[in-house]
Amino acid sequence: MKNITILGSTGSIGVNALNILRNIELDFKISYLTANHNADVMIDQCKEFHPKKAIMIDEKSAEKVYQEVSKEGIEVLVGRESLLNIVKDQTVDLVLNSLVGASGMEPTYNAINAGVDVALANKESLVVAGNIITKAMEESGAKLYPVDSEHSAIWQCLIGESMDDIEKIILTGSGGPFRTRELNTFNDIKVSDALKHPNWDMGKKITIDSATMMNKGLEVIEAYWLFNLSYPDIEIIIHPQSIVHSMVQFNDGSIKAQMGVPDMKIPIQYALTYPNHIKAPWERLEFSKLNELTFESPDLDKFPCIKLAYDSLEKLGSAPAVLTMANDYCVYKFLDEKIKFIDIPRIIKEALDRHSWVKEPNLKYLNELNTWSKNFVDSFV
């Protein structure tokens with residue numbers, strides 16, 4: 001029996017995870033489900049999977065969930081503190097963290113610190129606090145299982161290999177909706193334009209990150225912490241078809257790639273069932289139906305967020321943290337139509353330049369930096 005907690009169960013990753021669990025042969029029990037304010041979906045999930053507890057961040061949503069599921073013996077808790085506490089439950093075998101943005105870091109740390117393994121779909125956890133989380137892993141023995149398709153691909157390619165044999169890793173990216181758009185039109189990009197991802201069906205925040213290609217920059221930083229490689233050995237390549245999910249190049253020039261249809265259920269399932277590839281009904285890749293596989297270098301003039309990410313990784317300390325915190329708040333301002341698409345990298349660069357850099361940030365400093373980042377982005381509106 002595998003006891004599983006899902007943070008963000010009503011979002012796209014959480015919904016996919018529960019779909020996986022109902023479609024594969026895995027002996028499991030859902031211990032906890034958490035969500036922000038989507039009460040209706042949470043009620044349906046509770047009635048189907050019967051977790052011990054459901055946690056809603058929003059108080060009114062928690063009341064609605066309580067009225068529907070408490071009679072079934074499911075306890076309903078409210079607020080972020082409740083979420084931060086339940087991830088420490090050592091009876092849980094695996095916490096799937098699919099929370100969005102820098103707010104997902106502290107739940108990851110709390111789970112790892114308590115010795116609970118984490119399937120990590122929240123790349124910001126390692127971007128914000130890679131040094132803190134890796135130290136906690138060393139002390140507790142807990143493990144991180146990457147859920148992002150790119151990092152899952154690298155993880156699978158590295159199984160059975162010696163890290164001494166690795167020359168570099170290659171993270172692929174689709175290029176998002178603006179890969180072929182002329183740079184001189186970026187000032188006119190609307191929210192609706194940025195939300196039209198060509199290959200993946202994701203939440204709004206990660207879809208905007210894909211449009212700016214900040215998601216790829218954050219993935220470089222996450223890969224640095226996951227695979228213990230220096231930043232020059234982590235390369236980004238644009239692959240519009242999203243069939244090759246990432247690659248590892250070895251010292252002799254050979255390359256190992258992980259491929260498949262662009263379906264997040266596959267990497268989520270592997271993180272939930274590692275080290276096994278359990279039989280599942282998902283779509284298969286048919287090579288005979290592939291017209292082409294193409295690759296190109298990223299355009300850093302169109303997508304300056306990539307360079308900002310590499311710059312912050314080179315500097316380390318608090319730089320990656322302020323990068324992702326400022327990005328979070330910029331994305332939400334853009335979604336609210338308070339700033340333009342082209343303002344996102346400009347504001348992030350200013351945040352990187354103007355924040356008080358710290359060599360080894362602790363949790364207290366990171367919480368203060370988050371407040372500073374919010375106020376800094378707010379000052380541009």
Side-chain angles (χ1 to χ4, degrees), residues 1-24 26-70 72-89 91-101 103-108 110-111 116-125 145-148 200-207 263-273 280:
M1 173 75 72
K2 179 175 281 191
N3 295 306
I4 298 172
T5 290
I6 300 179
L7 309 182
S9 66
T10 64
S12 61
I13 297 292
V15 168
N16 270 322
L18 291 172
N19 188 27
I20 290 163
L21 292 172
R22 71 166 64 92
N23 278 284
I24 63 172
L26 180 69
D27 188 16
F28 74 94
K29 174 73 172 72
I30 297 295
S31 296
Y32 305 96
L33 296 175
T34 84
N36 187 2
H37 54 74
N38 197 333
D40 292 336
V41 174
M42 175 60 80
I43 289 166
D44 291 340
Q45 291 177 347
C46 285
K47 289 181 177 180
E48 180 178 1
F49 292 97
H50 300 281
K52 289 196 300 185
K53 298 179 183 179
I55 295 87
M56 302 297 294
I57 302 303
D58 178 70
E59 187 171 352
K60 288 185 178 179
S61 300
E63 292 174 2
K64 183 175 181 179
V65 174
Y66 174 80
Q67 291 173 359
E68 292 293 326
V69 306
S70 60
E72 300 192 25
I74 300 171
E75 187 176 353
V76 179
L77 304 177
V78 62
R80 181 169 170 83
E81 284 303 313
S82 296
L83 184 152
L84 292 174
N85 285 329
I86 59 100
V87 296
K88 302 175 187 177
D89 186 347
T91 67
V92 171
D93 299 297
L94 185 69
V95 171
L96 171 59
N97 184 352
S98 60
L99 299 177
V100 176
S103 63
M105 177 274 294
E106 201 169 357
T108 298
N110 281 6
V116 181
D117 294 341
V118 175
L120 188 62
N122 174 262
K123 60 176 64 69
E124 291 87 353
S125 290
Y145 301 141
V147 169
D148 280 347
W200 297 95
D201 181 15
M202 306 175 290
K204 289 184 177 181
K205 197 271 181 182
I206 183 60
T207 304
D263 184 347
M264 276 305 299
K265 290 193 291 296
I266 297 171
I268 296 169
Q269 177 177 316
Y270 189 62
L272 293 176
T273 63

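- For Gln45 (side chain) and Ser9 (main-chain N/O), a donor-acceptor pair under 3.5 Å exists by modelled atom type.
- For Glu72, the CD atom sits in a packed shell: over 12 heavy atoms of surrounding residues, nucleotides or ligands are nearer than 6.0 Å.
- Applying the side chain to side chain donor-acceptor pair (under 3.5 Å) test to Asp44 and every residue at least two apart in sequence or in another chain returns nothing.
- Residues Leu94 and Thr5 form no side-chain contact, since every pair of their non-hydrogen atoms from C-beta on lies 4.5 Å or further apart.
- With sequence neighbours left out, Asn85 forms a side-chain contact (heavy atoms from CB on, under 4.5 Å) with Lys88.
- Lys60 has no carboxylate O lying under 4.0 Å from a charged side-chain N of Asp58, or vice versa, which leaves the two without a salt bridge.
- Sorted by first then second residue, the salt bridge (charged side-chain N to carboxylate O under 4.0 Å, His left out) pairs that include residues 61-70, not counting sequence neighbours, are Asp40-Lys64, Lys47-Glu68.
- Legend: residues meeting side chain to side chain donor-acceptor pair (under 3.5 Å) with Ser103, ordered by chain and number and at least two apart, are absent.
- Take Glu48 and apply the side chain to side chain donor-acceptor pair (under 3.5 Å) test, not counting sequence neighbours, and it matches Arg22.
- Applying the salt bridge (charged side-chain N to carboxylate O under 4.0 Å, His left out) test to pairs two or more places apart or on separate chains, none has a residue in residues 7-19.
- A search for ring pair (Phe, Tyr, Trp, His ring centres under 6.0 Å) contacts involving Tyr32 returns nothing, not counting sequence neighbours.
- Checked against side-chain contact (heavy atoms from CB on, under 4.5 Å), Val76 has the following partners two or more places apart in sequence or in another chain: Ala62, Val65, Tyr66, Val69.
- Under a 3.5 Å cut-off, the side chain of Ser125 and the backbone N or O of Gly104 do form a donor-acceptor pair.
- In this structure Asn3 satisfies the side-chain contact (heavy atoms from CB on, under 4.5 Å) test together with Met1, Lys29, Ser31, Asp93, sequence neighbours excluded.
- Residues passing the salt bridge (charged side-chain N to carboxylate O under 4.0 Å, His left out) test with Lys205, sequence neighbours excluded: Glu124, Asp209, Asp328.
- Between the side chain of Thr34 and the backbone N or O of Gly8, at least one donor-acceptor pair lies under 3.5 Å.
- In terms of the salt bridge (charged side-chain N to carboxylate O under 4.0 Å, His left out) criterion, residue partners of Asp89 (sequence neighbours excluded) are, by chain and number, Lys52.
- For Ala111, the side-chain contact (heavy atoms from CB on, under 4.5 Å) partners two or more places apart in sequence, or in a different chain, are Val87, Val95, Val116, Val118.
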